[in-house]
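Scroll down for the structure; my scribbles are underneath it.
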There are 2 protein chains.
Amino acid sequence: MSRGQQTFKLGVNTALAHLATLQPGDRLGSEAALAELLQTSRTTVRAVLKHLADIGLIEWLGRDKILRRLPDPVDFFPKPEATLPADLAEERFLEWVMRSDLAPGTVLREVEVARILSVPVPQVRELLIRFEPNGLIEKNTHKNWVLNGFTAQFATELADMRALIEGEAFARLLASQDAGILRQMAEMERLHIALLAREDAAMSEFPALDAAFHRVIFAAAQNRFFDEFAQRISLIVHYHYQWNKCDEQVRNRAALREHLQIIRACLVGDKALARQAFVTHLETARRTLVASISTR
Amino acid sequence: MSRGQQTFKLGVNTALAHLATLQPGDRLGSEAALAELLQTSRTTVRAVLKHLADIGLIEWLGRDKILRRLPDPVDFFPKPEATLPADLAEERFLEWVMRSDLAPGTVLREVEVARILSVPVPQVRELLIRFEPNGLIEKNTHKNWVLNGFTAQFATELADMRALIEGEAFARLLASQDAGILRQMAEMERLHIALLAREDAAMSEFPALDAAFHRVIFAAAQNRFFDEFAQRISLIVHYHYQWNKCDEQVRNRAALREHLQIIRACLVGDKALARQAFVTHLETARRTLVASISTR
DNA sequence: AAAATGTTCTTTATTAGTAAAGAACCGAAT
DNA sequence: ATTCGGTTCTTTACTAATAAAGAACATTTT
């Protein structure tokens with residue numbers, strides 16, 4: 001056997017979502033146009049069209065591609081089947097590590113992990129290699145992978161590194177004359193106010209906004225090494241949020257308010273205040289991260 | 001087929017080097033002791049002993065392992081065969097990239113690279129994945145690896161990041177009360193003086209000493225993220241040294257003298273001077289790196 | 001002539017199978 | 001009794017084979 005057609009299935013689902021915006025009798029664009037839309041090759045587009053014709057959604061004769069009926073929920077492939085294996089592996093791996101609360105020192109076997117996560121072995125391998133620099137796992141030459149555990153020490157070192165790098169990035173942001181940054185800040189203010197206004201449990205959108213806010217800061221450094229570290233932080237912090245739900249609402253709202261303080265100080269150009277609000281925020285973030293570990 | 005016995009061959013070579021220190025008629029230690037010495041499993045040790053007996057170097061009967069004759073140069077396996085594939089792959093890959101002077105945008109194909117470097121495909125794969133965060137290569141989903149090239153921009157970003165992190169590490173070193181650090185510094189002074197005294201072309205030892213010196217500094221931060229970045233720097237700088245040989249002697253001696261200044265300021269406890277000498281050194285390092293690119 | 005389609009050729013990702021290296025167990029010798 | 005050696009069992013790493021996905025070329029239609 002070979003690979004599992006994830007690209008094809010993802011293509012079908014994207015195509016179905018597009019077809020839902022049309023009316024029966026409408027014509028689809030050219031294969032090349034669809035390839036652009038589905039972000040894939042024409043080869044895959046043709047496979048998708050053939051599939052759509054087979055299930056009777058469209059009539060396909062040469063360059064005529066006519067929509068017969070609107071897509072039905074059952075036409076879609078289930079989400080996991082239509083996710084790229086790399087993304088799937090990462091999601092499931094992190095969730096597994098967090099949920100099963102494995103003890104530090106646990107040995108991870110590629111084949112075993114692959115079976116547990118239901119993803120191909122090479123993907124697990126790639127994932128583990130990519131993850132090693134994060135410091136959560138380690139490999140002994142010619143031996144196996146071991147879990148290092150999310151210790152207080154780890155959290156402290158991460159927070160230290162973050163303070164150093166994000167602090168520098170923020171300093172550059174303040175020094176920058178780029179109007180684009182102010183525009184992004186204004187947009188951030190809007191989004192923060194909007195999220196704070198919603199009293200409900202819509203805090204599920206918080207991690208994404210939090211990551212976006214910090215990405216704006218890191219981006220100001222215009223340095224690929226900064227950006228890379230930002231990604232790591234957001235990954236670890238994101239899964240930390242997912243894991244530690246206690247006081248979530250209170251904690252997230254506090255963070256949003258701290259963000260707003262920083263944003264507003266930037267917008268009015270009060271650099272001293274901005275700097276101070278930023279340091280405060282990083283301190284809060286550090287405390288939250290460290291606290292979440294000791295309460296495990 | 002399967003794997004290429006690198007561990008075994010490396011074991012044989014290490015064992016031969018050990019035997020060269022003995023006299024014919026001497027007895028070898030137990031299998032467990034040899035396993036400790038060769039840094040490998042007893043299974044491999046027994047394979048090595050069998051090999052040594054086969055080529056008539058030792059007589060092996062149960063627990064009696066008697067040296068028959070001293071090892072000959074021809075008994076050793078050639079170095080590349082006896083190197084762990086991961087190290088071999090890394091060495092050859094970097095050398096290949098630097099030497100063949102590939103244009104940015106060049107497509108790297110795993111199988112092709114594996115053939116060129118004469119290393120197994122999985123090793124190339126692992127190497128490329130590990131290398132991606134260094135920013136020299138990139139992967140497009142479902143497509144191939146492309147070389148980003150060692151640009152001036154890259155060098156600048158690397159130097160910026162280095163100044164930030166190593167600067168912080170050095171500040172912690174100065175603040176530290178740890179006597180171990182002073183001891184390491186004294187040892188560094190000795191090694192630097194020794195290398196500077198040798199007028200000859202023994203500068204081949206410079207990269208190792210340079211890396212060791214900076215490792216002492218990064219280690220003072222006691223932060224795994226600092227250490228990891230230090231590794232990257234040393235890797236890139238090392239290969240930059242190897243590639244750019246012009247003015248090598250002059251450049252290396254200058255660097256050694258700058259190191260000495262820093263070391264001595266630390267030893268006498270003059271923090272202001274140490275700090276200043278360190279900043280100067282980082283500036284020199286940056287200039288050297290950037291210059292080496294523009295002269296390609 | 002231009003654009004879209006049909007066809008063919010590469011390249012990549014995955015699985016299965018096999019040999020090397022590691023680990024554990026048990027019996028023998030000091 | 002304890003250390004050492006023989007044996008067996010696991011686990012890992014590599015090769016090879018195969019199907020999916022991408023890319024290029026040729027052909028057809030407007």
Side-chain angles (χ1 to χ4, degrees), chain A residues 1-11 27-36 38-51 60-65 84-86 89 107-115 119-126 128 139-145, chain B residues 1-11 27-36 38-50 60-65 84-86 89 107-115 118-126 128 139-145:
Chain A
M1 248 184 269
S2 86
R3 42 192 192 178
Q5 299 181 276
Q6 287 89 354
T7 312
F8 163 74
K9 288 173 180 170
L10 185 60
R27 290 183 133 74
L28 310 196
S30 72
E31 292 179 6
L34 287 169
E36 179 68 22
L38 307 190
Q39 289 289 310
T40 181
S41 69
R42 250 190 66 220
T43 310
T44 307
V45 167
R46 305 194 93 230
V48 169
L49 286 173
K50 179 160 188 327
H51 174 79
W60 184 28
L61 278 137
R63 54 188 67 189
D64 293 332
K65 299 173 277 284
L84 291 176
V107 172
L108 301 181
R109 267 175 258 287
E110 289 175 11
V111 219
E112 200 181 322
V113 175
R115 207 186 48 240
V119 293
V121 179
Q123 287 297 339
V124 172
R125 209 180 141 64
E126 176 166 348
L128 293 175
K139 171 156 204 177
N140 317 21
T141 323
H142 275 295
K143 283 187 205 156
N144 21 33
W145 296 94
Chain B
M1 248 186 268
S2 85
R3 40 193 194 179
Q5 299 180 275
Q6 286 89 355
T7 312
F8 163 74
K9 289 174 181 171
L10 186 60
R27 290 185 134 71
L28 310 196
S30 72
E31 292 181 6
L34 287 170
E36 180 68 21
L38 307 190
Q39 288 290 309
T40 182
S41 69
R42 251 190 65 221
T43 310
T44 307
V45 168
R46 304 196 88 227
V48 169
L49 286 173
K50 179 158 189 329
W60 184 28
L61 277 138
R63 52 189 67 189
D64 293 332
K65 299 174 278 284
L84 291 176
V107 172
L108 302 180
R109 267 174 259 287
E110 288 174 14
V111 217
E112 201 181 322
V113 175
R115 207 187 48 240
S118 312
V119 293
V121 179
Q123 286 297 340
V124 172
R125 209 180 141 64
E126 176 166 347
L128 293 175
K139 171 156 203 177
N140 316 20
T141 324
H142 274 294
K143 282 188 207 155
N144 22 33
W145 296 92

(request) First locate atom CD of B/Glu31, then atom OG1 of B/Thr43, and finally report the distance between them rounded to the nearest 0.5 Å. (result) 9.5 Å
(request) Can you figure out which of C/dA13, D/dG22, D/dC14 approaches the side chain of A/Thr44 most closely? (result) D/dG22
(request) Using a cut-off of 6.0 Å, state whether more than 12 heavy atoms not belonging to B/Glu36 lie near its atom CD. (result) no
(request) Nearest 0.5 Å please: distance from the NE2 atom of A/His51 over to the CD atom of A/Gln5. (result) 10.0 Å
(message) Testing the basics here: between B/Glu110 and B/Val124, what is the closest heavy-atom pair and its distance to 0.1 Å?
(response) O-CG1, 3.9 Å
(request) Measure the distance from CG on B/Leu10 to C1' on C/dA21 and round it to the nearest whole Å. (result) 13 Å
(request) Please state how far atom CH2 in A/Trp145 lies from atom P in C/dG22, giving the value in whole angstrom units. (result) 17 Å
(request) Identify the two heavy atoms, one from B/Asp64 and one from B/Arg27, that lie closest to each other, and give their separation to 0.1 Å. (result) OD1-NH2, 3.5 Å
(request) Give the minimum heavy-atom separation between B/Lys65 and B/Gly29, together with the two atoms involved. (result) CE-O, 2.8 Å
(message) How many whole angstroms separate atom CG of A/Leu84 from atom P of D/dA20?
(response) 16 Å
(request) Using whole Å, report how far CD of A/Glu126 lies from P of C/dT12. (result) 14 Å
(request) Starting at atom NZ of A/Lys139, determine the distance to atom P of D/dT12, rounded to an integer number of angstrom. (result) 8 Å
(message) With a cut-off of less than 4.0 Å, is there a side-chain N or O of B/Thr7 near OP1 or OP2 of C/dA20?
(response) no
(message) Output the rounded distance in Å from CG (A/Leu34) to C1' (D/dG22).
(response) 17 Å
(request) For A/Pro122, answer base if it contacts any base atom (sugar-phosphate contacts may also be present), sugar-phosphate if it contacts only those atoms, and nothing otherwise; contact means non-hydrogen atoms under 4.0 Å. (result) base
(request) Measure from CD on A/Glu110 to P on C/dT14 and round the result to the nearest Å. (result) 14 Å
(request) Ignoring backbone atoms, test whether B/Gln5 places a side-chain nitrogen or oxygen under 4.0 Å from the OP1 or OP2 oxygen of C/dA19. (result) no
(request) Take the protein atom CD of B/Gln123 and the nucleotide atom C1' of D/dA13, then report the distance between them rounded to whole Å. (result) 8 Å
(message) Both B/Val111 and B/Ser41 contact DNA chain C. Taking the nearest nucleotide for each, which residue is further toward the 5' end?
(response) B/Val111
Each nucleotide N or O in nucleotides 3-7 of chain C that has a protein N or O under 3.5 Å away: list the pair and distance.
unit_1 : atom_1 : unit_2  : atom_2 : d
C/dT5  : OP1    : A/Lys65 : NZ     : 2.4
C/dT5  : OP2    : A/Glu31 : N      : 2.7
C/dG6  : OP2    : A/Arg46 : NH2    : 2.3
C/dG6  : O5'    : A/Arg46 : NH2    : 3.3
C/dG6  : N7     : A/Arg42 : NH2    : 2.8
C/dG6  : O6     : A/Arg42 : NH1    : 3.1
C/dG6  : O6     : A/Arg42 : NH2    : 3.4

(request) Return the 5'-most residue of the pair B/Thr40, A/Val121 with respect to DNA chain C, ranking by each residue's nearest nucleotide. (result) A/Val121
(message) How close do B/Thr44 and B/Phe8 get, counting heavy atoms only, and between which atoms?
(response) CG2-CA, 3.9 Å
